[in-house]
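Letters A, B, ... mirror the listed sequences (proteins, then strands); counts begin at 1.
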2 protein chains.
Amino acid sequence: MAQKRQLRLGAFMRPTTIHTGAWRYPGAYPDANFNLGHLRRFAQTLERGKFDAFFMADHLAVLNMPLEALKRSHTVTSFDPLTLLPVLAVDTRHLGLIATASTTFEQPYLIARRFASLDHISGGRAGWNIVTTSNPDAALNFGLEEHMEHDERYRRAREFHDVVTGLWDSWADDAFVRDVESGVYFDPEKLHVLDHKGPYLSVRGPLNIARPVQGWPVIVQAGASESGRQLAAETAEVIFGASPRLADGQAFYKDVKGRMAALGREPDHLKILPGAFVVVGETVDQAREKRARLDSLVHDESAIASLSIALGHDASTFDPDAPLPEVPETNASRSGRERVIALARREALTVRQLAQRLGGYSGLAFVGTPQTIADEMEEWLTGEGSDGFNVMFPYLPEGLDDFVDKVVPELQRRGIFRREYEGTTLRENLGLPRPENRFFRG
Amino acid sequence: MAQKRQLRLGAFMRPTTIHTGAWRYPGAYPDANFNLGHLRRFAQTLERGKFDAFFMADHLAVLNMPLEALKRSHTVTSFDPLTLLPVLAVDTRHLGLIATASTTFEQPYLIARRFASLDHISGGRAGWNIVTTSNPDAALNFGLEEHMEHDERYRRAREFHDVVTGLWDSWADDAFVRDVESGVYFDPEKLHVLDHKGPYLSVRGPLNIARPVQGWPVIVQAGASESGRQLAAETAEVIFGASPRLADGQAFYKDVKGRMAALGREPDHLKILPGAFVVVGETVDQAREKRARLDSLVHDESAIASLSIALGHDASTFDPDAPLPEVPETNASRSGRERVIALARREALTVRQLAQRLGGYSGLAFVGTPQTIADEMEEWLTGEGSDGFNVMFPYLPEGLDDFVDKVVPELQRRGIFRREYEGTTLRENLGLPRPENRFFRG
């Protein structure tokens with residue numbers, strides 16, 4: 001019997017959870033976000049659960065929100081991804097290590113070198129999540145008065161990608177001969193000087209580190225805009241998607257894989273992994289109660305403020321414990337507004353509950369038993385809604401332990417998730433080819 | 001009896017040795033520079049030897065030398081310091097971890113954050129070696145056609161230091177209350193927005209990581225120019241010095257500590273540690289033979305080229321196996337030229353041996369038995385030539401093992417070097433105060 005299509009699972013660690021109320025959940029570690037010992041144990045648990053990768057989000061500023069909301073956010077203190085991941089590399093042997101880094105504010109020479117270092121340190125498990133950084137407050141931390149415009153950020157990102165991958169190809173894989181007798185450390189024929197001069201970047205090279213174990217660390221992206229999809233189709237090997245429902249996922253999947261085919265890329269060389277918030281219960285009702293309890297830990301005031309923004313209407317005038325009233329048309333994004341209203345009606349949420357959902361996490365979620373969660377995941381996989389998921393744990397450590405101890409065995413039982421790692425590098429585990437060196441073809 | 005003045009010992013790792021021929025020495029690891037397992041064991045050996053710190057040099061380009069010389073250099077592939085040191089932090093409990101980072105090519109927000117991350121990850125053992133980067137080839141890797149002029153680099157470095165330390169002070173030490181009940185993660189009164197606007201840098205802040213364990217990572221510098229000394233007197237806590245002889249060391253020591261006193265800084269709050277190349281033998285003659293053997297592994301041609309530059313005269317016309325002939329006056333730096341000629345006469349070196357010395361390492365060296373080495377170190381310490389040394393090992397692992405197993409016990413026996421670490425942070429071990437937060441005084 002042919003093997004079934006296999007799920008790929010990343011763990012979206014921010015570095016712990018995306019949910020604003022998570023640090024207050026009963027039994028959760030309030031400091032998990034910034035406690036090295038906890039983070040090291042989480043990585044080991046993910047490896048026990050055969051996860052493909054630890055995926056670390058990043059921000060180059062504290063989040064731009066009013067101080068009254070900010071003071072409730074556990075995201076304000078966190079480790080630099082490229083400083084934390086080497087530690088997790090030492091604690092694990094198979095888990096991929098994906099760090100976010102910005103093409104708008106970083107220098108390509110430094111990015112190429114740091115990811116190459118991580119790839120060597122981890123024995124070929126590094127991934128680079130290319131972001132263009134949408135938080136305008138970040139620009140102010142980098143000497144810029146104005147944030148770079150969206151499409152320009154993407155043009156720069158494309159050039160940045162080409163420079164970084166070109167620097168990774170500075171040395172042939174077998175450049176370093178280290179011949180003690182003759183005293184020749186490397187073969188000069190196997191060194192390439194990039195000498196890139198482009199519209200945004202000018203970088204001479206060569207890089208001062210050997211070619212990464214994987215050739216290139218795995219290229220990850222998350223943009224869903226037109227420019228983002230095109231950049232992903234051209235360059236990405238993993239997409240951290242954001243489709244809230246299966247139909248959206250299928251449309252996105254078809255669009256991006258179609259763009260790849262049009263470009264002559266093999267569609268299977270890109271894994272589309274939407275973020276999925278997973279709450280596990282003994283029963284579906286218990287899982288829903290856990291989620292409701294978690295949402296209730298989002299602070300009312302900041303939640304209502306988020307709701308007001310989403311609706312384009314001051315929600316603080318509504319009765320918080322009543323259902324959402326009719327909301328007049330406004331200038332707010334119509335699709336976003338309609339999505340919020342539909343959510344309130346579908347789950348019969350009060351104004352407060354709706355606000356807390358938005359203030360916590362309101363994207364794709366699987367809330368149920370290991371069986372119902374596996375059902376939904378399998379439906380996405382077989383329905384070509386995705387190639388797997390970036391799992392978001394609601395609270396730590398319980399949410400992570402539940403997934404690894406209860407959901408993973410169910411996925412394995414169904415034959416759609418590995419029982420052992422296939423290889424030693426992230427590329428091998430994801431089933432991605434090792435890029436040829438563009439300057440030294442084998 | 002009062003305790004004697006104590007030596008401070010850093011290990012200058014580049015990441016292994018400064019000597020060009022080291023990777024070819026009998027018994028040396030040819031790939032030590034780029035072998036993670038070896039580097040991890042070196043760090044553990046240094047901790048066994050009670051070293052203050054692992055000090056990592058850095059370059060933002062392959063070294064600018066002709067390809068014929070470059071191909072013999074083990075420096076061309078090495079790890080990014082801030083990616084390697086977190087791994088060494090996991091392997092050790094007391095050893096300080098000092099990384100070099102450039103104020104000319106890096107972004108202060110990223111530097112502040114990465115060093116703060118390393119300080120938290122290591123439990124307070126990070127140090128930042130501030131360099132302004134003198135290699136003009138680095139500029140070409142960072143989009144600049146011309147390298148920034150020397151004094152301007154130092155003015156920028158001073159402002160960069162102020163911004164980074166200001167960002168480290170973004171949060172009071174007790175800002176993070178994490179009150180699960182009320183949902184308040186931090187006290188907004190304990191957050192400071194830097195909002196720096198200066199001639200070179202504009203950085204808003206706050207930093208998105210808690211104040212470092214040490215308040216600030218230890219500030220290290222190496223500049224010996226007028227601008228470098230002044231910057232060090234104003235800001236440094238460790239100087240990686242380059243005095244080749246005791247008299248130079250004493251003059252430098254007196255000058256810098258005098259500048260500190262004039263600025264109202266306590267002179268003991270800066271430790272001056274010249275680089276010292278140490279070769280250990282059973283006898284002085286044996287140590288000298290080891291050094292001669294090591295020097296003989298430097299390639300003739302590139303060595304003769306170095307000598308020609310130092311003399312300002314084509315040395316390839318000289319008989320390589322004869323003593324250095326009279327050299328006519330030239331445009332080369334007169335003091336450098338005279339130093340080279342004096343070295344040849346003092347040690348009765350042939351032209352080839354002189355060239356190989358210059359091509360290997362020609363600064364301060366202690367070459368002898370554990371007793372003679374300890375004698376010299378003690379002479380520098382008691383004579384106020386230094387507060388200790390940044391030890392450079394000639395080859396690895398033997399040079400490091402020799403130092404730890406033979407020289408360290410001799411220093412301990414004399415009562416001038418610790419038998420146990422004094423504290424848990426690098427500051428505590430070096431005897432440096434923890435900086436007050438400039439925005440939140442205790």
So, the part of S73(B) with a heavy atom under 4.5 Å from chain A: the answer is backbone
Separation between CZ (F186(A)) and NE2 (H74(B)), nearest 0.5 Å, reads 13.0 Å
Practice prompt. Would you mind checking if D137(B) and R204(A) are paired as a salt bridge, meaning a charged N to carboxylate O distance below 4.0 Å?
Written response: yes
Please output the side-chain donor-acceptor pairs of residues 115-127 of chain A that fall under 3.5 Å, not counting sequence neighbours, one pair per line with the distance.
| unit_1 | atom_1 | unit_2 | atom_2 | d |
| --- | --- | --- | --- | --- |
| S117(A) | OG | R113(A) | O | 3.1 |
| S117(A) | OG | D80(B) | N | 2.9 |
| D119(A) | OD1 | R125(A) | N | 3.3 |
| D119(A) | OD1 | A126(A) | N | 3.1 |
| D119(A) | OD1 | Q214(A) | NE2 | 2.7 |
| D119(A) | OD2 | V213(A) | N | 3.0 |
| D119(A) | OD2 | Q214(A) | N | 2.9 |
| H120(A) | NE2 | A210(A) | O | 3.1 |
| H120(A) | NE2 | R211(A) | O | 3.0 |
| S122(A) | OG | L118(A) | O | 2.8 |
| S122(A) | OG | D119(A) | O | 3.4 |
| S122(A) | OG | R125(A) | N | 3.0 |
| R125(A) | NE | S122(A) | O | 2.8 |
| R125(A) | NH1 | T92(A) | OG1 | 2.8 |
| R125(A) | NH1 | L95(A) | O | 2.8 |
| R125(A) | NH2 | A89(A) | O | 2.9 |
| R125(A) | NH2 | T92(A) | O | 2.9 |

Quick check: do F142(B) and L110(A) have side-chain heavy atoms less than 4.5 Å from each other?
yes
N/O donor to acceptor pairs below 3.5 angstrom from side-chain atoms of residues 22-32 of chain A, sequence neighbours left out:
| unit_1 | atom_1 | unit_2 | atom_2 | d |
| --- | --- | --- | --- | --- |
| W23(A) | NE1 | R72(A) | O | 3.2 |
| R24(A) | NE | V180(B) | O | 2.8 |
| R24(A) | NH1 | L297(A) | O | 2.8 |
| R24(A) | NH2 | V180(B) | O | 3.3 |
| R24(A) | NH2 | E181(B) | O | 2.9 |
| D31(A) | OD2 | N35(A) | ND2 | 3.0 |

In terms of heavy-atom contacts, G205(B) and N141(A) come closest through N-OD1, 2.7 Å
Highest number of heavy-atom pairs under 4.5 Å with chain B among P108(A), P206(A), A61(A) belongs to A61(A)
P188(B) and L67(A) have their tightest heavy-atom pair at CB-CD2, 3.6 Å
When the 4.5 angstrom heavy-atom criterion is applied to D195(B) and chain A, the contacting part is neither
Whatever's closer than 4.5 Å to a heavy atom in chain A on Y200(B) counts as neither
If one checks every heavy atom of L85(A) against chain B at 4.5 Å, the contacting part turns out to be neither
Ranked by heavy-atom pairs below 4.5 Å to chain B, first place among S202(A), G143(A), G183(A) goes to G183(A)
Give a yes or no on this: more than 12 heavy atoms of other residues, nucleotides or ligands lie within 6.0 Å of atom CD of E301(A). no
Query raised in the report: Side chains of R40(B) and V90(A): closer than 4.5 Å at any heavy-atom pair?
Result: yes
Most contact-rich option vs chain A, by heavy-atom pairs under 4.5 angstrom, among L191(B), D179(B), L144(B), is D179(B)
In this structure, NZ of K71(B) is separated from OG of S182(A) (nearest 0.5 Å) by 8.0 Å
Here the pair of heavy atoms bringing W171(A) nearest to V62(B) is CZ2-CG1, 4.3 Å
Cut-off 4.5 Å, heavy atoms of chain B, and the answer for S78(A) is both
Residue from V163(B), V203(B), T83(B), L39(B) scoring the most non-hydrogen pairs under 4.5 Å with chain A is T83(B)
For V76(B) and Y185(A), the nearest pair of non-hydrogen atoms, with its separation, is CG2-CD2, 4.0 Å
Here the pair of heavy atoms bringing L60(B) nearest to Y109(A) is O-CE2, 3.3 Å
Most contact-rich option vs chain A, by heavy-atom pairs under 4.5 angstrom, among L84(B), T75(B), N208(B), is N208(B)
Any non-hydrogen side-chain atom of E106(B) less than 4.5 Å from a side-chain atom of E106(A)? no
Bottom line for L201(A): the part with an atom under 4.5 Å from chain B's heavy atoms is neither
Assert top hit (heavy-atom pairs under 4.5 Å, partner chain A, pool L194(B), I209(B), L36(B)) equals I209(B)
- Can you find a heavy atom in the side chain of R114(A) that is under 4.5 Å from one in the side chain of F79(B)? no
Scored by heavy-atom pairs under 4.5 Å with chain B, the best of V184(A), L70(A), V177(A), L82(A) is V184(A)
If one checks every heavy atom of L207(A) against chain B at 4.5 Å, the contacting part turns out to be backbone
If one checks every heavy atom of F105(A) against chain B at 4.5 Å, the contacting part turns out to be backbone
If one checks every heavy atom of T20(A) against chain B at 4.5 Å, the contacting part turns out to be neither
